[in-house]
Amino acid sequence: MKLTVILLALVLQVFSLENGLMRTPPMGWLAWERYRCNINCEEDPDNCINERLFMDMADRLANDGWRDLGYNYINIDDCWMAPNRDEDGRLMADPKRFPSGIKALADYVHSLGLKLGIYEDMGNKTCMGYPGTTVDDVVLDAETFASWEVDMLKLDGCYSSAIDRAQGYPGMADALNATGRPIAYSCSWPAYDGGLPPLVNYTLLTEICNLWRNYDDIEDSWQSVLSIVDWYTKNQDILQPVAGPGHWNDPDMLLIGNFGLSFEQAKAQMALWTILAAPLFMSTDLRTISPQNVDILQNKLMIKINQDPLGIQGRRVLKTKHEIEVFVRPLSNNTSAIVFFSRRTDMPYRYKTTLGSLNFTDSASYEVQDVYTGNIISGLTPDTRFTVIINPSGVVMWYLYPIPDLAEKQLPEL
Ligand SMILES: *[C@@H]1O[C@H](CO)[C@@H](O)[C@H](O)[C@H]1NC(C)=O
Ligand SMILES: *[C@@H]1O[C@H](CO)[C@@H](O)[C@H](O)[C@H]1NC(C)=O
Ligand SMILES: *[C@@H]1O[C@H](CO)[C@@H](O)[C@H](O)[C@H]1NC(C)=O
């Protein structure tokens, strides 16, 4: 068994451009969902895509506890560029909205102990019509990003053909590697090829990308969250095994703090993303976010579960005819996380079950901590019947750990 693991590791090393980054799912802030392509800085100066917005959010990440909990990427999305490349063919930031340039922004972000992410598109244009990177531009653009000391690249796929993508995404991985600067790489490639094999080769993606978007963009609504969760669970036999340290499925940004989710739904998104070992990229106004939403996003036990070093993506283990779904994620040291999720729209539902029927049978007894309330429940055996009360479109989330058997526990202390 051990030998197989070592051999596998050697084989992977030979074929991959392992950059050593993102051994746990990345966390941070990404502009797109909340700020889109708002370039109207005259009328909406506080909410437009300019260097001020990224500096403000970086200040908040550093000063309001986010960075210290792991939210350390501050990521630019589309619409940061000037409409054309410069005379040498290099990408340029929009001179009005980013007068100090991206290098200065990276310096600022680094001075706060954060990392800067940037956006490009493997095609003729970005989705919003700014200069794309074609197969011929890939090396120059990677060098440009490295010269600005950027730490992450999200490479979108608008205005590309399948052939452009098949050349361009691995090409950019090589080009980033060749710069010598560790730059995390987020690939939108699979989302443009339907997200599934045979068109999508997840073996290849795990070798060249640190994370990948494989489904639709998230929108500010519960319906959008549900459609993503549905697609992930429907395809979990394909998606679950390909996630792991250094290479993650990305179901897209967290909506928490915006307009479309109720409090219960916000807690549900956070719990489901955590059980899926998903990247945690917020996309909300950190200058005005409510304490209630901060509590969801800064829940320490939640973050510990999301960042578990084994990096195993969870799965939906059952779905009842009463619209209750149970997700389980195995964690290090024999611990686990469980999410009881209600898709009901009537009233809090009393769901009765046992740990045994959720496949927990290895230990005589378990202790549980409720991730949102902090309550501890002791002495659950696999046969104990218990009830969890799950709010409509809400979750109950448990962190579960086996209790060593009594014989061991009663050893005299030395
Ligand atoms: C480039 O790839 C090699 C081979 O996987 C790896 O050892 C090296 O750390 C990579 N360099 C960067 C900057 O990603
Ligand atoms: C990209 O531009 C080239 C050159 O104009 C064109 O031939 C190609 O069809 C374009 N590709 C896409 C996917 O729009
Ligand atoms: C997928 O990519 C891997 C790694 O590059 C390669 O070995 C394999 O042949 C590819 N699979 C298919 C079906 O193309």
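Throughout, residue positions are numbered sequentially from 1 according to the sequence presented. Numbering of ligands and ligand atoms starts at 1, following listing order.
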Report summary line: among protein heavy atoms, the one nearest atom 4 (C) of ligand 3 is Glu207 OE1, 3.4 Å
Query raised in the report: What are the atoms of ligand 2, with element, lying closer than 4.0 Å to any heavy atom of Asn124?
Result: 1 (C), 2 (O), 3 (C), 8 (C), 10 (C), 11 (N), 12 (C), 14 (O)
Query raised in the report: When you look at Asp78 and Lys125, which way does the salt bridge (charged side-chain N to carboxylate O under 4.0 Å, His left out) test go after all the steps?
Result: CA-CA 11 Å; Asp78 205 345; Lys125 297 186 276 189; over 6 Å; no
Query raised in the report: Looking only at protein heavy atoms, which one is nearest to atom 2 (O) of ligand 3, and how far off is it?
Result: Asn201 ND2, 2.3 Å
Requested in this report: Determine the interplanar angle of the Phe327 and Phe341 rings, folded into 0 to 90°, and report it as parallel if under 30°, tilted if 30 to 60°, perpendicular if over 60°.
Outcome: tilted
Requested in this report: Return yes when at least one protein heavy atom is under 4.0 Å from atom 7 (O) of ligand 3, and no when none is.
Outcome: no
Query raised in the report: Does the cation-pi check pass for Lys267 over Tyr372, that is, NZ or CZ under 6.0 Å from the six-membered ring centre and within 45° of its axis?
Result: yes
Requested in this report: Report yes if some N/O of Asn177 lies less than 3.5 Å from some N/O of ligand 1; otherwise report no.
Outcome: yes
Query raised in the report: Any non-hydrogen protein atom below 4.0 Å of atom 10 (C) of ligand 3?
Result: yes
Report task. Please work out which of the three classes, parallel, tilted or perpendicular, describes the rings of Tyr35 and Trp29, given edges at 30° and 60°. Result -> tilted
Report summary line: Note: ligand 2 atoms sitting under 4.0 Å from heavy atoms of Ser160 are 13 (C)
Query - Check against side chain to side chain donor-acceptor pair (under 3.5 Å), Ser160 and Arg165 - result: CA-CA 7 Å; Ser160 64; Arg165 294 190 289 276; 2.9 Å; yes
Requested in this report: Taking the six-membered ring for Trp and the single ring otherwise, decide whether the centroids of Tyr366 and Trp398 are under 6.0 Å apart.
Outcome: no
**Report entry** Atom indices of ligand 1, in the order listed, that fall short of 4.0 Å to a heavy atom of Gly180
**Finding:** 13 (C)
Query raised in the report: In ligand 1, which numbered atoms sit nearer than 4.0 Å to a non-hydrogen atom of Glu18?
Result: 5 (O), 6 (C), 8 (C), 9 (O), 10 (C)
**Report entry** Numbered atoms of ligand 3 (with element) below 4.0 Å of Leu204, judged on heavy atoms
**Finding:** 2 (O), 5 (O)
